[in-house]
Number of protein chains: 2
Amino acid sequence: MKSDIEISQAATLWPITKVAKEVGLTEGQIECYGHYKAKINDKAWENMPTKEGKLILVTATNPTPSGEGKSTVSIGLADALRLEGENATLALREPSLGPVMGIKGGATGGGYSQVVPMEDINLHFTGDIHAITTANNALAALIDNHIQQGNELGIDVRKILWKRCVDLNDRALRHVVVGLGGPMQGVPREDGFDITVASEIMAILCLATSLSDLKERLSNILIGYNYNNEPVYVRDLKVEGALTVLLKDAFQPNLVQTLAHTPTFIHGGPFANIAHGCNSIMATKAALRLGDYTVTEAGFGADLGGEKFLDIVSERLDHRPEAIVLVSTIRSLKYNGGVAKEDLTKENLEALEKGSANLAQHIQSLTRYQVPVVVALNRFVTDTEAEIAWVKDFCARLGVVAVDTEVWAKGGEGGRELAKAVIAACEEKHEFSPLYTEADSLEEKIRQIVIHTYGGKDFVLTTEAQKQLAEIKAHGWDHLPICMAKTQYSLSDQPEKLGAPKDFTITIRSFIPKLGAGFIVALTGTVLTMPGLPKKPAALNMDVDENGKIKGLF
Amino acid sequence: MKSDIEISQAATLWPITKVAKEVGLTEGQIECYGHYKAKINDKAWENMPTKEGKLILVTATNPTPSGEGKSTVSIGLADALRLEGENATLALREPSLGPVMGIKGGATGGGYSQVVPMEDINLHFTGDIHAITTANNALAALIDNHIQQGNELGIDVRKILWKRCVDLNDRALRHVVVGLGGPMQGVPREDGFDITVASEIMAILCLATSLSDLKERLSNILIGYNYNNEPVYVRDLKVEGALTVLLKDAFQPNLVQTLAHTPTFIHGGPFANIAHGCNSIMATKAALRLGDYTVTEAGFGADLGGEKFLDIVSERLDHRPEAIVLVSTIRSLKYNGGVAKEDLTKENLEALEKGSANLAQHIQSLTRYQVPVVVALNRFVTDTEAEIAWVKDFCARLGVVAVDTEVWAKGGEGGRELAKAVIAACEEKHEFSPLYTEADSLEEKIRQIVIHTYGGKDFVLTTEAQKQLAEIKAHGWDHLPICMAKTQYSLSDQPEKLGAPKDFTITIRSFIPKLGAGFIVALTGTVLTMPGLPKKPAALNMDVDENGKIKGLF
C-alpha cells in the first residue's frame, strides 16, 4: 500500500496555469508560486462572474483521535462531481505547521483523494500563515514599544488581551513573562503565545470580504484596557495600515489542484476547536463564482466548524449552503460506542448502534437549519458489509440518505454515488433557518447552541466569565455572534463523554471579545489555544534525501 | 523629488522569465513567485557553467545612523557594468522586517539604483526568512518538548544556548521566562528571543554549499549542555531532517532585477553587527557562474561585514574577490570628524580632513588583504566640489583611486566611471593574503582583527568570556574562525568613538560557539541580538489604499 506522499509524488500535476484556465482565469489574473501553486489577483476579481454556484458544506460526526477523513471526502466528492460532468470547485483550509510537525504529518486529504503539491501545502505553502504570524507579533511588539516609550494611551499592562503567536505546537510558550532584564528591555508583564491558527488575525483574514474590510476589522481589534478600564483598540495605536501592508498578499486566495486536477482554493486555516474553523470567505467566494458546485469543509465535527460555518460564516459569505454532507465512519461510531482504539478493526454491531447516537444528534442538529443533509460513510478496509448496512438503515429511519464512499482507495470514482445524492439534495426545496439572531442575548445564543447543536441541557459561567460577560454587555458588544472553543472529541465540554451525552451542562470559563473578527469567544472545559507536542513528534520521521525529495510527511 | 517607492512603482519591470533568460536560465530552471520574483531550482544547478566571473566586494566606511547608500552603489555599479557592455550580476542580502517596520522603511537601494519589486523584497519576499524563523522555533519547541517528556538526554535547563526568534524589533522578548503555569505547561526556564537575522540557522543557510551540507551543519548545532556538562547537539535530538525539510525551498537563491533589469540574486540576510553580514554562498555562486562580473555587498562597514566576508565567507565560497569597492560619503566622513547630524549639509573641510582618518584606516585594513581597492564616493546634493576634490586627493596620496558616483540620481549612468575603475582594478595582479589561518589560536585571530582591521591595540575578556574560552578550547572548537559582534558606528566597541580611534582595547563579554555555522561569535560592548523599536516606528507611516497600493515604504 502506497503512502499518501508516495501517491502524491508519483502524480502528474497540471501546470497551475492550466488549472486556472479550467475556471476561466488567464495568466494575467494569477500570480504563480512555482509551477503548481498560484494566488488569484485583483484582475481576477475585476472580471469574476457575479453568479454563484451551489455550495456544499462538508462536516462530520465527532472523530477518533486520528480523524475520519473529512478532507479526503471533500476532495473525493469534488472530483466525483466533475466525473458527473459538473463544473465543481473546492474551498479548503490551509494546514497549520503545528499539527504537521506534531501529530498528523499532513492535512491534504489521503490516498487517491488528495490536494497537491502536498509537501508545499503542508509546509510553508504561499506564506499566508507566516504573514499572519508576523502581523500578529508586529502588533505585540508595537504595543510593548508604546508602553516602553511613555505609554501615552495609558495601557494597563495587567489587562493586555493581545498575545503573541507561533505556528507551532509549543506548550512552553503558553504562559511566559516578557520584558525582563531592566529598564532598557521593556516593561515586565505576563504574556502568552497562541498557535497562529488561533490568532484573531487569522479569523479576520478568513472573515473579511475586501481589503478595506480587512483594514477596518484590524483597526477594531481590542488589544486591552487602559488604566481607566476603557478599551484600547488597534486604531488607537494607528497601526492598522502597517498590519494591512503585511497581510496584503496573504489576503488573496491560493489556487492548487486535486490529483484529478479539480481547481481548489486553499486559504486560511483557523482551528475549529479554538477558532471558527473554516477557510476564508474570499476563497469560498472565488470558488462559488468560478464553479457550478463548490465543496467546502468546516473543521472537526458539526458541533464545532459546522455550527460556526452555519451561524457565523455563511451570513458574512452571504450564501447559505444548498446541501450539507455529514461525514462519518464505522470506526468513529464504534469509538463513540465505547470501543477502544485498538479494537476498532473488529465488527461490533452493538457498539455501532450505541455510538450511532452521536450520528443521530448531528443529523438532528443539522436538519434544524432546514438544509438537506446527506450522510457520507467514509469506508475503511476493515468495515464490514453488515456494519455499513446497519448505518444506512439507521439513517433511513431518521429520514436521511446515507451513502458509502471509497474515495481514499478510488479517488472520485469512489464518490460518484455520493455526488449523485448531493446533486439531488441541492435540488430539494429548502429555506435556511438560523439558530439564533443578532438580537438574541449572548446567553440565549449560547443556550441555543448547547441545546440544539450539542444536545445538552444548559451552561454555567465561572465567576471570571460572569464578570467578563457583564463587561461585554456594558460595552455594548453582546450583539455579536458567539464562537465556542470546545473539545472536538465530545458533544459536551468533556472529551471523555463520547456518543451522545444527555443532560449535561457546559462550563464557560472565560469570554474573549474578538472585535476585529466580530465575535465573542467562549472558552469551555480545558481547551487550549496552544497545543503541545507528543512524546514522539512527527518531526522525528521527516527527512530530505540528497536529491531534495521529502520523506516522512504522511 | 520622487520617493524611492514612487520611482519603484512607476518602473516597468521585465517578466522574471525574461531576466532569467538574460543569464541563460530557462522557464524550467526557475520557480516563479508572481511575475517578478523567482527561485532557481535544481535543474538550474545541474546545467550551471562551472567557470566563474570576477567578484567585486562592496563594503564601506563607518556610517552615519542613516546609512551611506552601500546597496545603492552596489546596484548602480552593476547597472553601470552592463552599460559598459559587461555581463554583470548582483548578489545581495534580503532585508529583515525588523528594520523595515522600525527605522529604515526599506532596504533595496534608493533613487534610480533600486532592486524591484521593492515592496515584495522588503516585506515577505519569497518567505525565506519566515522559513528560518519557523525552523529556529521548531527546534526550540522540540528541545522544550524533549525536556517535558522525560528529558532522556539530560539537558540542563540552565545551560540551553538555543534561543527563539522573531524577525521583528521586539525588545520585550530579549529576556523572558517560559514554561510557566504548572506541570502541564512545560519546565520553567530563562529564555530569550533574537531577531531572526541573528539566528544561527540564518548563518547556516548563508554558508552551506549544498543541501547535504545544510543538513550536516544543522545537525552540528550546539543547543546546550547536559547535567554532566557535555555538549548536546541537534543530531542528538534527531531533528536535522525535519529542519532541512522546513528549509528546503528557502535554500534556493531568489532572482529579481534592478530598475535597469540587471539580474540580481537576493538571498539570506544575516546582520553584520551581530552575525556575518553577507548574502548566501548559493546566491553568490549562482551570480558568479551566470555572470562575468558579480557585485556583492557585505553589511555595515569594512570592519564588520567586510572583514567577515574576507575571513569567513570567501574561503567557503572558494572564491576571493578580484576587487573591493569601499563606499564612503562626504557626510559620513564629516560625521566621523565630529560634525553633528543636523550640520552635515554644510561644507566643512576641516571636519572632512579629521574624519577621513576613518577612511584611511579602512583603506589600510583592506589593502592588507592584497586585493585592489577602489573608493566610491556616493554623492549627495549637498556635497561641494571642494570636498569631493579633497577626498580624491587624500585617496591618491594613499595610493588608491577614488571615484565619485551619482547612481542615486542617475542610476547606472552615474556609475560608469566607477565601473571603469573597477574593471581596471580587476585586471591588476594580486594574491589574496588572509588575515589569519585556521591554526592560529582564537586569541590570535581576535588580535589580528583588532589590530589590523580596527586599528586598535588589544582586547580583554570578561570573567565570563574567559571561562567560555577555556571551555571552547577544552572541547577543541578553537580552530574555528571568529565572528565579531560589534557596533557599526565605531571601529572600536564604543559607538561614540568616531573617526579612527587609537590605542583602544576591545572588551569581549561573551563567546557563543555556533558549531553549525562553523564559527565562534565574540560579543563586544553592548551589541544586542534583538533590536528595539524607536518612539515613532516606520510602521506608523505605512498604509495600503483601496486599490491595494502600498504607501510609506521608503
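Note on naming: letters A, B, ... go to the chains in the order of the sequence lines (proteins, then strands), and numbering restarts at 1 for each one. Given the structure is predicted, the values throughout are model-derived calculations rather than measurements.
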Which of the residues [options] is involved in the greatest number of heavy-atom pairs with chain A at under 4.5 angstrom?
options	result
B:Asn137, B:Leu243, B:Asp191, B:Val239	B:Asn137
B:Ile30, B:Leu237, B:Thr244, B:Asp170	B:Asp170
B:Arg164, B:Lys39, B:Glu240	B:Arg164
B:Leu540, B:Ile550, B:Leu246	B:Leu246
B:Asp120, B:Asp144, B:Val245	B:Val245
B:Gly186, B:Gly28, B:Gly548	B:Gly548

Quiz item: Under the side-chain contact (heavy atoms from CB on, under 4.5 Å) test, which residues partner A:Ala44, sequence neighbours left out?
Solution: A:Leu25, A:Gln29, A:Ile40, A:Asn41
Report the option among [options] that has the most heavy-atom pairs separated by less than 4.5 Å from atoms of chain B.
options	result
A:Leu173, A:Val166, A:Asp167	A:Leu173
A:Val176, A:Val187, A:Thr126, A:Leu123	A:Val176
A:Arg174, A:Lys535, A:Met530	A:Lys535
A:Leu142, A:Leu97, A:Asp42	A:Leu142
A:Glu31, A:Lys248, A:Gln185	A:Gln185

Exercise. Measure distances from A:Phe251 to the heavy atoms of chain B and classify the residue's part below 4.5 Å as side chain, backbone, both or neither.
Key: neither
Nearest heavy-atom neighbours spanning [X] and [Y]:
X	Y	answer
B:Val544	A:Gly241	CG2-O, 4.3 Å
A:Met184	B:Arg171	O-CD, 3.4 Å
A:Ala172	B:Val178	O-CB, 3.3 Å
A:Leu533	B:Ala141	CD1-O, 3.9 Å
B:Ala539	A:Ala242	O-CB, 3.2 Å

Practice problem: Residue by residue, scan residues 208-216 of chain B and write down, ordered by number, those that have a heavy-atom distance under 4.5 Å to chain A; if none do, write 'none'. | Solution: B:Leu211, B:Ser212, B:Lys215
Exercise. Just jot down the ring-ring contact (aromatic ring centres under 6.0 Å, His included) partners of B:His130, sequence neighbours excluded, or say none.
Key: A:His130, B:His124
Quiz item: For B:Tyr33, which residues count as a ring-ring contact (aromatic ring centres under 6.0 Å, His included) partner, sequence neighbours excluded?
Solution: A:Tyr33
Quiz item: Is it the side chain or the backbone of B:Pro534 that comes within 4.5 Å of chain A heavy atoms, both, or neither?
Solution: backbone
Quiz item: What part of B:Gln148 gets closer than 4.5 Å to chain A, counting heavy atoms only: side chain, backbone, both or neither?
Solution: side chain
Quiz item: In this structure, are over 12 heavy atoms from other groups packed under 6.0 Å from B:Gln149 atom CD?
Solution: yes
